[in-house]
**Student:** 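Input: one structure, supplied below.
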Amino acid sequence: MNEQTEKFTHRIRSFVKREGRLTKGQAAALERQWPGKGLQHQADGIDFDKAFGRPAPLVLEIGFGMGHSLVEMAKADPDSNYIGIEVHGPGVGACLMEAEAQGVENLRIFQHDAVEILQDCVADESLAKIQVFFPDPWHKKRHHKRRLIRPEFVQLMHAKLQHGGILHLATDWENYAEHMLEVMQGEQGWDNLSANGDYVPRPDSRPLTKFEQRGQRLGHGVWDLQFKKS
């Protein structure tokens with residue numbers, strides 16, 4: 001990695017490595033499932049057709065948490081190949097455990113920084129869709145510089161999407177939703193899929209999480225944004 005890439009990666013890295021302990025079930029699922037579903041960062045790129053054993057549209061999710069909705073989406077869309085990126089071990093273990101329980105095979109996982117994966121492993125114009133759901137909002141103003149959705153990262157995602165590819169963002173922090181919209185409106189090469197030029201209703205393709213259901217009962221909002229690469 002050259003000095004410029006190191007500076008770029010460091011500048012927009014948005015996570016804090018707060019590693020929890022894996023449960024016995026998560027650890028066992030990692031041992032069983034990682035050899036087939038785990039992917040390693042490679043500086044010279046990855047042949048995803050080979051990794052999946054077939055060519056298919058690629059859907060990439062950044063920061064999948066515990067992975068339940070990612071597994072549900074992959075199961076509901078067997079004609080696509082799903083790639084998940086998550087840095088936290090318990091989330092990776094939980095996702096693999098759920099994929100195993102659901103019999104989902106069209107899913108591969110990175111446990112690595114998303115910036116480096118996009119830069120080094122993903123070819124330009126190769127992704128059909130990128131999903132970033134509920135990223136850390138860094139809600140304190142002094143921490144806003146750590147937010148993932150920033151011009152540099154949006155430009156990187158734009159380069160990796162195919163023409164007509166979709167970027168789908170979601171957050172339950174209104175201030176972050178406004179920030180996302182402002183950033184996206186400031187970048188060229190995107191068409192907002194909202195009829196009103198702001199947010200879209202939650203698409204059926206994004207499962208309603210237990211967290212969201214609880215938030216809705218409490219009157220909390222969730223904001224979805226979808227943009228197409230023009």
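Please read these numbers as outputs of a predicted model, since none were measured by experiment.
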**Student:** CG of L181 to CG of N192: how many Å apart, nearest 0.5 Å?
**Tutor:**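 So the CG of L181 and the CG of N192 are separated by 6.5 Å.
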**Student:** Looking at every non-hydrogen atom in both residues, tell me the closest pair between F48 and C121 and how far apart they are.
**Tutor:**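 Looking at all heavy atoms of both residues, the shortest contact is CE1-O, 3.6 Å.
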**Student:** Tell me whether V154 shares a hydrophobic cluster with L156, the cluster being built from Ile, Leu, Val, Met, Phe, Trp, Tyr side chains joined at under 4.5 Å.
**Tutor:**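 In one cluster: yes.
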**Student:** Checking the side chain of K229 only, and the main-chain atoms of L161 only, is there a donor and an acceptor separated by less than 3.5 Å?
**Tutor:**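 Checked: pair present.
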**Student:** Please enumerate all residues that pass side-chain contact (heavy atoms from CB on, under 4.5 Å) together with Q102, with sequence neighbours excluded.
**Tutor:**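 Per chain and number, Q102 pairs via side-chain contact (heavy atoms from CB on, under 4.5 Å) with V71, K75, E98, V104.
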**Student:** So I109 and L39, do their side chains get closer than 4.5 Å, heavy atoms only?
**Tutor:**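 No - every pair of side-chain heavy atoms lies 4.5 Å or more apart.
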**Student:** Contact between W34 and V92 at the side-chain level, heavy atoms closer than 4.5 Å - yes or no?
**Tutor:**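 Yes; the side chains approach each other to less than 4.5 Å.
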**Student:** Going by heavy atoms in the side chains, are E116 and H41 under 4.5 Å from each other?
**Tutor:**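 Sidechains of H41 and E116: in contact.
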**Student:** Apply side-chain contact (heavy atoms from CB on, under 4.5 Å) to Q33 and list each qualifying residue two or more places apart in sequence or on a separate chain.
**Tutor:**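 Listed in chain order: K37, L96, E100.
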**Student:** Look up atom CG in L167 and atom NZ in K228, then write down how far apart they are to the nearest 0.5 Å.
**Tutor:**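 Going from the CG atom of L167 to the NZ atom of K228 covers 13.5 Å.
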**Student:** CD of Q42 to CD1 of I117: how many Å apart, nearest 0.5 Å?
**Tutor:**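 Atom-to-atom, Q42:CD and I117:CD1 are 9.0 Å apart.
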**Student:** Do R147 and H179 have side chains that get closer than 4.5 Å, going by heavy atoms?
**Tutor:**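 The answer is yes; the side chains approach within 4.5 Å.
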**Student:** Is W190 reachable from L127 through a run of I, L, V, M, F, W or Y residues, each pair having side-chain heavy atoms under 4.5 Å apart?
**Tutor:**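 Hydrophobic grouping puts L127 with W190.
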**Student:** Can we call the ring centroids of F227 and H168 under 6.0 Å apart?
**Tutor:**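 Between F227 and H168, the centre distance exceeds or equals 6.0 Å.
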**Student:** Hey, quick one: are W173 and V183 part of the same hydrophobic cluster, counting side-chain heavy atoms closer than 4.5 Å, chains of contacts allowed?
**Tutor:**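 Shared cluster, yes.
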**Student:** SG of C95 to NE2 of H68: how many Å apart, nearest 0.5 Å?
**Tutor:**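 If we round to the nearest 0.5 Å, C95:SG and H68:NE2 are 8.5 Å apart.
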**Student:** Let's go through D136 and Y176 carefully: what are the C-alpha distance in whole Å and the side-chain angles of both, what is the deciding distance for side-chain contact (heavy atoms from CB on, under 4.5 Å) to 0.1 Å, and is it a yes or a no?
**Tutor:** CA-CA 9 Å; D136 195 326; Y176 200 2; over 6 Å; no
**Student:** Give the minimum heavy-atom separation between G189 and H158, together with the two atoms involved.
**Tutor:**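 Of all heavy-atom pairs spanning G189 and H158, the closest is O-NE2, 3.0 Å.
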**Student:** With a sphere of 6.0 Å drawn around CD of Q185, does it hold more than 12 non-hydrogen atoms of other residues, nucleotides or ligands?
**Tutor:**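 Enclosed.
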**Student:** Can you see which heavy atom on P207 is nearest to which on S69, and at what distance?
**Tutor:**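 Answer, listing the atom of P207 first, then S69: CG-O, 3.9 Å.
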**Student:** Taking side-chain contact (heavy atoms from CB on, under 4.5 Å) as the test, write out the residues that go with Q26, two or more places apart.
**Tutor:**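 Counting only residues at least two positions away or on another chain, Q26 forms a side-chain contact (heavy atoms from CB on, under 4.5 Å) with L22, T23, M66, P90, A94, M97.
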**Student:** Does F153 reach the side chain of L118, with side-chain heavy atoms less than 4.5 Å apart?
**Tutor:**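 Side-chain contact under 4.5 Å: yes.
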**Student:** Please name the pair of heavy atoms, one in A99 and one in L107, separated by the smallest distance, quoted to 0.1 Å.
**Tutor:**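 Looking at all heavy atoms of both residues, the shortest contact is CB-CD2, 4.1 Å.
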**Student:** Backbone N or O of G63 within a donor-acceptor pair of the H88 side chain at under 3.5 Å?
**Tutor:**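 Judged by distance alone, no pair lies under 3.5 Å.
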**Student:** Is it the case that Q155 and E187 place a side-chain donor and acceptor less than 3.5 Å from each other?
**Tutor:**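 A donor-acceptor contact under 3.5 Å links the two side chains.
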**Student:** Of all the heavy-atom pairs spanning Q131 and V59, show the shortest one and how long it is.
**Tutor:**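 Here Q131 and V59 meet closest at OE1-CG1, 3.7 Å.
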**Student:** Please check this pair: side chain of Q226 against backbone of L193, looking for a donor-acceptor N/O pair closer than 3.5 Å.
**Tutor:**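 No, because the side chain of Q226 does not come within donor-acceptor range (under 3.5 Å) of the backbone of L193.
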**Student:** I'd like to check the side-chain contact (heavy atoms from CB on, under 4.5 Å) partners of A28; sequence neighbours left out, ordered by chain and number.
**Tutor:**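 Partners of A28 by the side-chain contact (heavy atoms from CB on, under 4.5 Å) criterion, ordered by chain and then number, come out as R32.
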**Student:** With side chains defined as the heavy atoms from C-beta onward, is the minimum distance between I149 and T171 less than 4.5 Å?
**Tutor:**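 Not in contact.
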**Student:** For residues 196-205, which residue pairs pass the side chain to side chain donor-acceptor pair (under 3.5 Å) check, not counting sequence neighbours?
**Tutor:**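 Qualifying pairs, neighbours excluded: S194-D198.
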**Student:** If we ignore hydrogens and angles and just use 3.5 Å, is the side chain of D224 paired with the main-chain N or O of P201 as donor and acceptor?
**Tutor:**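 No: the side chain of D224 does not pair with the backbone of P201.
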**Student:** Kindly say whether G165 contributes a backbone atom to a donor-acceptor pair with the side chain of Q162 at under 3.5 angstrom?
**Tutor:**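 Between the backbone of G165 and the side chain of Q162 there is no qualifying donor-acceptor contact (under 3.5 Å).
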**Student:** Does any non-hydrogen side-chain atom of Y82 lie less than 4.5 Å from one of E61?
**Tutor:**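 The answer is no; the side chains never approach within 4.5 Å.
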**Student:** Do any pairs count as a side chain to side chain donor-acceptor pair (under 3.5 Å) and have a residue in residues 46-58, sequence neighbours left out, and if so which ones?
**Tutor:**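 Sorted pair list: R54-N81.
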**Student:** Identify the two heavy atoms, one from A29 and one from G93, that lie closest to each other, and give their separation to 0.1 Å.
**Tutor:**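 In this case the closest contact between A29 and G93 is CB-O, 4.0 Å.
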**Student:** Is R108 positioned over the aromatic face of F52, cation under 6.0 angstrom from the ring centre and no more than 45 degrees off axis?
**Tutor:**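 Yes - R108 lies over the ring of F52, closer than 6.0 Å to its centre and within 45° of its axis.
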**Student:** Would D120 and D44 satisfy side-chain contact (heavy atoms from CB on, under 4.5 Å), going step by step from the backbone distance to the final call?
**Tutor:** CA-CA 6 Å; D120 300 337; D44 56 350; over 6 Å; no
**Student:** With a 4.5 Å cut-off on side-chain heavy-atom distances among I, L, V, M, F, W and Y, is there a chain of contacts connecting I166 to L58?
**Tutor:**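 Different clusters.
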**Student:** Verify, without hydrogens or angle tests, whether E125 (side chain) and K160 (backbone) share a donor-acceptor contact under 3.5 angstrom.
**Tutor:**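 Pair absent, no side-chain N/O of E125 close to backbone of K160.
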**Student:** Is F134 close to V222 at the side-chain level, that is, under 4.5 Å between some pair of heavy atoms?
**Tutor:**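 Contact flag for V222/F134 side chains = yes.
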